Amino acid sequence: MTEILDLLKKDVIDNMIKSGKREDGRGLDEYRPITLLKGVLNAGPDGSAMARLGKTQVLASVKFTIGAPYPDRPKQGVFITSAEFLPVASPEFESGPPRENAIELARVVDKGIRASEIIDIDSFFVEEGKVLTMFLDIYVLDHDGNLIDAAALASMGAITDTRLPKIEDGEIVWGEYDKPLDYKDVVTTSTFSKVDGKILLDADKNEETDASARMTVSFVKGNICALQKGLEGSFRAEEIEYIINKALEKSKDLKSIVLKA
Amino acid sequence: MNDEIKLPGDVLYDKPVQMPYGYIENGKTYTTVLGIKRKRLIPLKGPYDPKPGDLIIGVVSDVRFSGYNIFVNMPYDVSISSRGIRFDLDYNDIITAKISHVDEVKNITIDDVRRLRKGIVIKVPPVKVPRILGRNNSMISLIKDKTGCDIVVGNNGLVWISFHGNVELAVESIGKVVKEAHIPGLTNRMEQYLNKKKVN
Amino acid sequence: MDYEGPLIKNGKRVDGRAFDDLRQISIKAHVINEADGSAYIKWGNNKILVGVYGPKECLPKHIADPHKAVVRARYNMAPFAGKEGHGRSGPSRRSIEISKVVSDTFQNVILAEQFPRTMIEIFIDVLQSDGGTRCAAVTAASVALADAGIPMKDMVSAVAGGIIEDTLVLDLNYIEDSQGNADLAMAFTHRNKDVLLLQMEGDLPIDKFKELLKMGMDSTEYLYKIQKEALEEGYKNKPTESVVLDL
């Protein structure tokens, strides 16, 4: 209820980061408290989860429909990720079609999951001309920075919560399920921001207003499965190396959060 | 003390009483905002309602050829002419001013513009400003005294805190007043809190 | 999932409710940090988030009114909210219409003349739907507006009524809604029971309509109590902090 005015945040954050401190007292390589809750929407989606990173709250939903395959891949299912910044969540979000930031968010999460091949979309074949389409919807409910990691975590939460719908005569029987969705492993995603020459993990919104560059690293089975550099600033090779090592170090904790939730 | 929370539309008085946050209908007075009924209605939330004579804090949001736009925590920025002030302002400069006039569409005119030193400005709910100031400014004096910060509280819900002194403690203390303003015994609690923090 | 079988059996409805029973309802106020006011309502299987912003600069500028604040609601249904299928994102004609009637519901309850040239926005996001979302949304929006400290003449609540198998019932769930004969959405002010929203489709004799309106009106007290509890919970004798949003 008391917050620093946006216009003046930059000065204050600069001063703190210079002295190696963060507003909430955590280390530069530490996450805020993480919570992951699965099955939060029990009636609509086939799988759902809410992730919290400090005050950031992101909801993810997985839902299947029957659709047509892509013409060049007639036996393969379809996986579609979209993200929305709900205007309900922040005065900065406007209603209307997703803007650049929401699309980038969805794409970064999508790439990690798709490239890791943890979901076997070949198994989504139903019959000639019919495959399962898997919709992953990301809803940002409260924005206090680092939406990417929160969205990635919520998405993994939703995927590991998902049950495959029962199919009869080539149609989904709504409300009935066949078995849990098979996933091969857990993708973990960590995002780092460069603020005043220092690299920090899990920037909050105040810190993000002051960040010059951003780097997102996704891991599966100890290998990088997606990378995304963001914002106008640049990184040095040794900074990137540091970030990748840190992300690998964090992936163990993140994976166990997904599996234990 | 068992406080009674009033919702918009709840009866306050069985007679018509002209009062802020009141609405008169059929000879009775109803509250229009969420509040606590003590001797009068203390609103718990709400936007800033400007009045002539209010001291406000502003931040320069735009520098134009002939003047400035000032962010004042209201739906619209205030424009001032550079002729009215004897110094130049820059983006993000922090000022205090007095409201001299509020017209029928809530446009405000300000005068007595002064520039404040570098510092931070925090947003607080405008309805909590009287509690942050305290009776005869007792609360804000206490916080200034214990933190060593210069602090100016604007009626518009912006609070300026100087960079010298324990800024973090000042921000925390004001936050605590905001969160606990409606709980009885605030002054004693704040004194204990600040004394304890100061020892640490 | 087509439901087959009687909608009323031994005087009870499909989910065991009596004719004038509402579903389980809970509201939490103050759940979004960034909003000026907010509320989250669980009404049966409906789950709806409401955030209020303003009074703020009126955009687009041409809709500004020199005499009062413009109240704008935006109702949005999440693509995954329904029991069946996956909707498209973006506003449908249905959600645009609901946005309009909700805006109109609150425009005159809010003391809008206190904030000329500004805009008050009410964002409604349906995360899970099970019939009666607009009524649940109006009931929650009233809490969110009060939480924002927006001056209002009164609290507003809403409920739907209908006829199933010749019986008048309140608060139709999805199954009843899709198979019933009539669906009447109604919103009332708490104190004066003024009707602020009224929409009906179906087949409804005049005397049944009157009776149904009375039933809806009678539920106002019950809904008001839930609204009051939600607002008290956030403030009574304890520090005001944002409540964690538990879906």
Side-chain angles (χ1 to χ4, degrees), chain B residues 1-11 20-26 28-36 41-50 71 73-77 102-107 123-128 131 157 175-186 189, chain C residues 29-30 36-37 52-59 61 64-69 109-111 113-120 142-157 189-192 194 220 224-225 227-242:
Chain B
M1 188 158 65
N2 206 0
D3 283 324
E4 202 185 340
I5 305 240
K6 293 287 185 186
L7 269 58
D10 284 354
V11 183
Y21 313 109
Y23 176 74
I24 296 164
E25 189 183 84
N26 297 329
K28 291 185 181 180
T29 309
Y30 302 93
T31 173
T32 60
V33 296
L34 184 68
I36 292 178
L41 185 86
I42 301 162
L44 287 165
K45 285 285 255 325
Y48 174 54
D49 188 22
F71 171 81
N73 201 26
M74 290 174 66
Y76 293 93
D77 288 359
V102 182
D103 72 11
E104 64 279 4
V105 293
K106 302 260 166 126
N107 270 322
K123 259 188 185 182
V124 299
V127 296
K128 305 288 186 191
R131 303 311 305 274
K176 193 170 159 69
V177 174
V178 168
K179 282 180 189 162
E180 301 182 17
H182 57 291
I183 307 171
L186 181 68
R189 259 200 325 281
Chain C
H30 212 54
D36 293 314
V52 169
Y53 291 87
K56 52 187 245 185
E57 185 180 3
C58 191
L59 290 172
K61 274 197 162 63
D65 186 323
H67 305 293
K68 62 178 200 284
V109 174
I110 292 170
L111 293 164
E113 61 279 9
Q114 290 187 10
F115 311 102
R117 299 180 304 139
T118 67
M119 161 180 224
I120 295 167
S142 187
V143 172
L145 284 161
D147 180 49
I150 306 280
M152 293 187 284
K153 286 181 239 174
D154 211 344
M155 292 291 283
V156 181
S157 65
T189 58
H190 168 242
R191 185 173 70 239
N192 293 334
D194 290 335
T220 311
Y224 172 80
K225 243 172 75 188
Q227 292 175 318
K228 187 173 172 112
E229 275 165 20
L231 287 163
E232 278 180 348
E233 181 61 27
Y235 294 98
K236 209 163 193 179
N237 288 327
K238 61 176 193 188
T240 22
E241 310 250 20
S242 276

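Numbers restart at 1 for each chain; the letters A, B, ... are given by sequence-line order, proteins then strands. Computed from a predicted model, the values in this text were never measured in an experiment.
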Which bit of [X] comes within less than 4.5 Å of chain B, counting heavy atoms only: side chain, backbone, both or neither?
{"X": "A146(C)", "answer": "both"}
{"X": "L111(C)", "answer": "side chain"}
{"X": "K56(C)", "answer": "backbone"}

*Please say whether more than 12 non-hydrogen atoms of neighbouring residues, nucleotides or ligands are located less than 6.0 Å from CG in N26(B).*
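No, the 6.0 Å shell around CG holds no more than 12 heavy atoms from other groups.
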
_Under the side-chain hydrogen bond (donor to acceptor under 3.5 Å, both in side chains) test, residues paired with K176(B) that sit two or more places apart_ =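 E180(B).
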
Looking at [Y], is its backbone amide N or carbonyl O close enough to the side chain of [X] to form a donor-acceptor pair, meaning the two atoms are under 3.5 Å apart?
{"X": "K106(B)", "Y": "Q114(C)", "answer": "yes"}
{"X": "Y76(B)", "Y": "C58(C)", "answer": "yes"}
{"X": "K153(C)", "Y": "Y30(B)", "answer": "no"}

*asked:* Test of understanding: with ring-ring contact (aromatic ring centres under 6.0 Å, His included), list the residues that count as partners of Y224(C), not counting sequence neighbours.
replied: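 Listed in chain order: H190(C).
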
_If you compare all heavy atoms of P75(B) against all heavy atoms of E57(C), which two are closest, and at what distance to 0.1 Å?_
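Closest heavy-atom pair between P75(B) and E57(C): O-CB, 3.4 Å.
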
*Looking at D36(C) and K45(B), what are the two nearest heavy atoms and their distance?*
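Looking at all heavy atoms of both residues, the closest pair is O-NZ, 3.4 Å.
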
*side-chain contact (heavy atoms from CB on, under 4.5 Å) assessment of N107(B) paired with R117(C)*: CA-CA 10 Å; N107(B) 270 322; R117(C) 299 180 304 139; 2.9 Å; yes

*Are any of the side-chain heavy atoms of K28(B) and R191(C) separated by less than 4.5 Å?*
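Sidechains of R191(C) and K28(B): no contact.
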
*Side-chain contact, heavy-atom cut-off 4.5 Å: F115(C) with P47(B)?*
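Yes - at least one pair of side-chain heavy atoms lies under 4.5 Å apart.
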
*Do you know which of A148(C), G37(C), S142(C) has the most heavy-atom pairs under 4.5 Å to chain B?*
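Of A148(C), G37(C), S142(C), A148(C) has the most heavy-atom pairs under 4.5 Å with chain B.
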
*Any idea which of D147(C), T189(C), I150(C), N192(C) has the most non-hydrogen atom pairs under 4.5 angstrom with chain B?*
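Between D147(C), T189(C), I150(C), N192(C), the count favours D147(C).
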
*Which bit of E104(B) is near chain C, if near means a heavy-atom gap under 4.5 Å: side chain, backbone, both or neither?*
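Contact with chain C: backbone only.
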
_chain C interface, residue from T31(B), I36(B), T32(B) that has the most non-hydrogen pairs under 4.5 Å_ =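 Most heavy-atom pairs within the cutoff with chain C belong to T32(B).
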
